[in-house]
Structure formats: C-alpha cells, structure tokens
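Just below is one structure, and these are the notes that go with it.
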Amino acid sequence: MLILSLALASLAPASKPLAPVSEVFAIRAEQLHLADGTVLENGLVLVDGDTIAAVGSGVSVPAGAALVEHAGHLTTGLIALGEHAGGSGELRDSTRTVLAGGRLAHAFAPGHSQLEALLAEGITSLVLAPSAGSLSAGCTAVVKSAGDTVVSERAQLHIGLSSASLLSNRRPTSYSGALRDLEALLSSAHGDFGAAARGELPVLIEARSRHEVQRAVAFVAEHKLRGAISGAPLAGELAADIAAAGLSVISDPRSPGASQRSIDALLSLAEAGVPFGFKLASPARHANTLRMGVALCVRRGLSPATALRSLTVDAARIAGVDERIGALATGRDADLVLWSGHPTDLTSSVKAVLIDGQLVYGEL
Amino acid sequence: MIPTLLLTLATAANLAPVTGTQDDERTRWSIHAEKIYAAPGELIENGSVRVDAGKITRLGSGGGGDISVYAITAGLVDASVRIHEDRLSVEESSEIQPALRVADTLDPFSHLWQRQLRSGVTTVMVSPLDRNVVGGLSVVLKTGGPENIAARTVAVDAALCGAIGSSPSRGNHAVYGLPTDFFSRRPTTRMGVEWEWRRAFYDAALAQRHGAELDEDARGLLQVLAGVRPLFIQAWATQDIRTAAFFVEEMAREDFGQIRLIVDAAAEAWKEPAFLVRTGAGVVLPPFPHNGRSGPDRAFTAWSSAAQLHAAGIPLALSSHGAQSPADRLDRQAGYAMRGGLPFDAALAAVTLTPARMLGVDESVGSIAVGKDADLVLWNGEPFAATSRAVGVLLEGRLIVDPREEN
C-alpha cells in the first residue's frame, strides 16, 4: 500500500503544489540579497500567492500570515541560460536549417526527472535553447524547473554562427553563405526575424572561437540587433567590441578543469561591464557547474555580488524576462532560495526552494 | 678595465627589453643597407629608407640608419595563400557563388598570418577553398596589424575566384535513388566543370542583353566580363589551363566582354605558353615540388618553368599556395626560380610588384617608393640566395622582426 501511494505521488502532475504553504507568508533571513547587490540584514520577503508582495527590513507581516525565520542567506532563484532538459534530441529539427517560427517551449516537458537536479542547486528557471546544428532553430523559452510555468515562450531568436551551425551537406555550408541567408531572413521583416530586426526580440547567437565572436558582433552591429553571444569560452578577450555592440554573453558551464585563460576572459567581461550568465549542458549531471563557474571566477577576483547577478538579474535580462524573475522585488515571481551561506561559496547548501510561492525542495 | 666592460654589458642587457617595448610602438625608422632593391631593375647601393607613420618618406643613397642591414626589398606579396577556414570558406550549396566574400569567413587570430609575416610576406590574397566552380570574391590583406580582417584589408573583392580541373567536381555524384543532399548534381567531370563556367556566364550575359532582371550572382559575373576585377582561376594541369584560355576567348568572341584572366596554381603553364600570351593572362605558380609533380592532378613543373614563362613575356607571380613547410615559403620559391634560370629582377618582381599589379594594389605595395606603405624586408645577404634570409620585417612602419635581436 505504501509502495502504491509513493508511485502515485510520483505520477501526480507537476503543476500541483508539492507542499502548499499558506496563501500569504513571510520569510525573514539573516542576509537578504537584493538585485542591486545590497544585502539586507534580517530582511524580510512577504509572499502573496505566487508573487512577492513586499521586500525590506521594515516590512510588517499581516495578521495571520506565517513567518519563517531563516538563519542564512535568501536569494531569488538562480537562472540557467541554455539547457537540454527533456532530451537534447528534442531541441532541434534536423530536417531543416531554419525553423522559422519554431518554439523551444514545445520541447518543454514539465516534471521531467532531469529537472529535479536543478532544484538542489537553487536553479528555479531555465532557458530552453536549441542544440547546435541550425542556422536558426526558432525561439528559446524560459520555463520554471518545477511546475509547468512558461515564463516566456518567445524569449530570444536563436541564430547559429559557429562552425557547429554549418553542416557540409546542407545550405549553408560556409560562414559567408550563413551571413547571406540570415541577412535575407532579417530583411524579409516577417515573423521572429522581423521582430529581431526591429529590435523587439533579442537574439541568442551561437559562436565558439574568437573569429566567430568577431563575426557575430559585426553582424549584430550591422543589423542593429540586441541580444547575447553564447558558447564562446574566450569571448571576454573581445570584451571591448562586445560592450560597444551592447551585447551580453552566455558562457558555457565552467568546471574545475576550465583553463585559467577562459576564467580570466569572464573577468574581462565584468571589467568591461558586459552582462553575462551561464548555461548548463546537461542538468542531471552538471547542475552544480552553474555555481562552480561563478565560484571559479570569484576565486580569480570577481566580486561575489557580480557573480550572483550573473546567476540572477543579469541572466534574467539576457533572457528578456527581468520583469518576471531574477530579483527579490515587489511584483516579481516568488522564486526563493534559502541558503546556508553565500550562494557563490561552494560550501553553502540549499535549505529550501520555492517556485511561484510553492515549496518545491527542502523544508521551511 | 674588465669590471667596467662587464658593467657596460650588464647595463646594455638591462636596457634592452625596455628599448624593445618602445620599438614595438615606434613608427619612425631610418634603415641603412648596402643594397636597396627598391623595385625590379632599381638598385640603390649604400642607401637608406626612411619611414614615418606607416609610409615610406625618403629613399636615397647615403644616410645613416637606426638599423643597418645588407639588403632591403619591399614586403613580399603572395597572390595565393590559403589561410582560410577550409570548407567553411566556400558555400557549397551551389557551384556558382559569384557574390560571396571569403573575407566574411577568415580568422584573424590564426597563427598562420604571423608565420607569413615573419617570413617577409606582408601582403596576401586569400581565395575561397577550391570546392566550387565559382567560389567567390577574394580579399587582399596585410598579414599583420590589428586582429581584425576589415582593419587589415587592402582591397575588397580583389578578384572573382574559381577552379577548373578535378577539384570542383570532387564531391558531386549522380543521383542514386532519392537525392538526399545537394551534391547530387553537376559537375562530376572536367567537362561538366567547363560546362558550368560557360552556362553561368552565358546566362548572365544573355540576361543582360535581353534586359532581364539580374540577381546579385549575375551582377557578379557581369562585373568580371566588364573587367571590373580579374578572374582568378585555379588550373594546375595543361588541359585545364587550355580550358581557362578557351573560355576567356569564347566570352570575347561572343562579345560578352574581355575577361582579365589570372591562372592560379598554373604548374603546367610552361608547356603551352602561347595560349596565355594570346589571352593576355597572368600566371601564379604553385611552390616548386621536390619531385616535379604537384597538385591534385600530379601536374609537372620543372625548375625552369618560371624562367620559360618569363621569357614568353607572361606576367608571372610565385606563390606558396598554402604550403606550410619552411622550404615552400615564398622567398624560397624566388630562389628556386632563379636556380631554374629566372633573372634576379624577374624573381623579385614575381614576389613583389607583379602580384601587386595583378591584384590592383601596386599603388600602395609591391615596391619601395616614397608614399607607399612602409612594408620592408631586411636581409642578411642577397635576397633569395640559399644562404640568406629575412632577418627583419617592417609592416606599415612597425618593426615586426628586429634584425638586431637573435631571431
């Protein structure tokens, strides 16, 4: 009987609250991190339903609302930019180079077992981005790692300008051919490409080597696009050009084997004021590399505040969803992580995670 | 006495790195040489070259110098290097790509540029890989300077490049069952390659003649027929060089236009120079092979090939054609050509002024003259001699390789 009920529990739709808290409740933490980098001592977050109702030191808790005292740090949920959750084979249509109007949101599998690993690392939102091999695989989606919330089903227009985007037996086979085809799509002014050309939709441009970054930056400048360059380990060595083009950078995950040069390149981005965030390759295996990446940067001199921003507010801006997530602020989604210590310190652990006001991991 | 000498040496050694750093930024130099080979046939003995802000400002006999070497030539010009991203440099989805630029595909961070520069090659033309019939537009650029292709460019769209021979047809095949990619197409043979060349140009020329709407590909071909830029065709073997010459003659005969032809990798051009003389074509030779045979078709080149082409009055350039080994570098090619009977001045022209003229950049590079770019090669002996080498290189007035240092 017990076995049966466990099995039933795991089959329950993920959209159901996993552990309901009261409708209105508050959490007071010893250290509360705001988006601008300030830390409130004994700061308080008031949650009403799925939204943050108030944040501050002097927020009064309404009568009847539960108050949770947390002896540690409280942040908004972390954001992974680029993610293969739900099977990487689902994230690209290999029958065509350009999937105009494609939506990665349709590859989202709420409650997928791989998503659970993200919660243990405090990752509450992720960007579903296509795998390599396309000139454009459509638009990325921003989804929550528990529940079935789709924050944005048209976050960024994906553009592939790396060698991995070009296949030898399908148009385009070359960088020059890729640029020509992309220019034709942008000038057609239709659909997602039209929106990107008008600056309404940010782009996510895949590039790996430095010359690919240079090409992508020139392309963005020429066509007055906005967005981020994704997947170039040494993009930071071109930080001045990237900053001048107003672009951001999405970094691959950095594990302890990452070269010093690639870590220093990230620091160069911070120095040049280029916003950056991190993606994950495979959440089940590598969820912890999100924090590992910033910890390696902090060890080389990145300020913990900038590091935390790269996982929260800067990542939200890159994905174009900063009005919904990425900050502990009134009106934002109640995605909260209760940490034992500072989140960029690898010795800190996650005590509890709330998504849209629902406890989805740990205990309060 | 001895302690003083030691102290002097120590001081000089301490100062050296500081001076070196300053020299990297410095753009005013006066360089003295026993021999300045300013241009083919123009020798100044015991003279000096002065450069300032990237340009040559004075050239003449006498005069002192910050640096003194045995000989100076202009920076070498290679019309056929292959510092491109291989198959990512050519758009294979169609065999005819007259509007695509190889400049859009290059990697300024490649170590191969530095290798060219340090061997004295300061200006190069890069073409797309030879997988297409018409591969696209080449670019002429400096081998050093800012790590940015646009900033290094000397001439955009310098030539329209393509190939005749076995290379363009290599990947294609007939349709077996259902076609699954675009390689199920013409050409699969030399004859097919030749047919594609003619069809593309006929279509463009006739479209124009009949007032039809022209796409960017047709416009690209018509510019070549109008002589806006040369047609740079890779053709190793004599049968392919013939095809190139006959094609150019046919376009003139049909009154489509007079194409300026440059035959690249023309290993066997020496066999039938008359065709090239007749069409006014220039020739770029690939590196001399150690066993006489080179290229995909095992074309035969003799040591005397360059000398024979020169004797026939054909504009001649030597090239490394992307070869990596030090023995295949451009300055070595000039030496090999001289060993085969090419006079020194013709050898100098073949690695400087002639390729610069072919590519339309001789106003700024290719010889040492006041007002031209300060691209210089400093030699420790007679240029191209087996015992000499480039010990110093200036690129636009910057001392890239310092002959005063061990190098």
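Residue numbers start from 1 in every chain, and the chains themselves are labelled A, B, ... in the order their sequence lines are given, proteins ahead of strands.
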[X] to [Y] - nearest heavy-atom pair and separation:
X        : Y        : value
A:His211 : B:Pro108 : CB-CD, 3.7 Å
A:Gln214 : B:Asn148 : NE2-CA, 3.9 Å
B:Asp181 : A:Asn169 : CB-O, 3.4 Å
A:Ser174 : B:Ser89  : CB-C, 4.3 Å
B:Asp217 : A:Arg180 : OD1-NH1, 4.4 Å

>> Assess the residue pair A:Leu238 and B:Phe109 against the criterion (side chain to side chain contact (heavy atoms under 4.5 Å, CB included)); give the C-alpha distance rounded to whole Å, side-chain angles, the decisive distance to 0.1 Å, and a yes or no.
In response: CA-CA 12 Å; A:Leu238 301 163; B:Phe109 304 99; 3.8 Å; yes

So, the side chain of [X] versus the backbone of [Y]: is there a donor-acceptor pair under 3.5 Å, distance only?
X        : Y        : value
B:Arg101 : A:Ser176 : no
A:Thr173 : B:Glu92  : yes
A:Arg170 : B:Phe182 : no

> Between A:Arg210 and chain B, which part of the residue has a heavy atom less than 4.5 Å away: side chain, backbone, both or neither?
Replying inline: both

> Out of curiosity, A:Ser163 OG to B:Glu85 CD, how far, rounded to the nearest 0.5 Å?
Replying inline: 8.5 Å

> Can you tell me how far CG of A:Leu166 sits from OG of B:Ser93, rounded to the nearest 0.5 angstrom?
Replying inline: 10.5 Å

>> So for atom CZ, which belongs to A:Arg299, do other residues, nucleotides or ligands contribute more than 12 heavy atoms lying within a distance under 6.0 Å?
In response: no

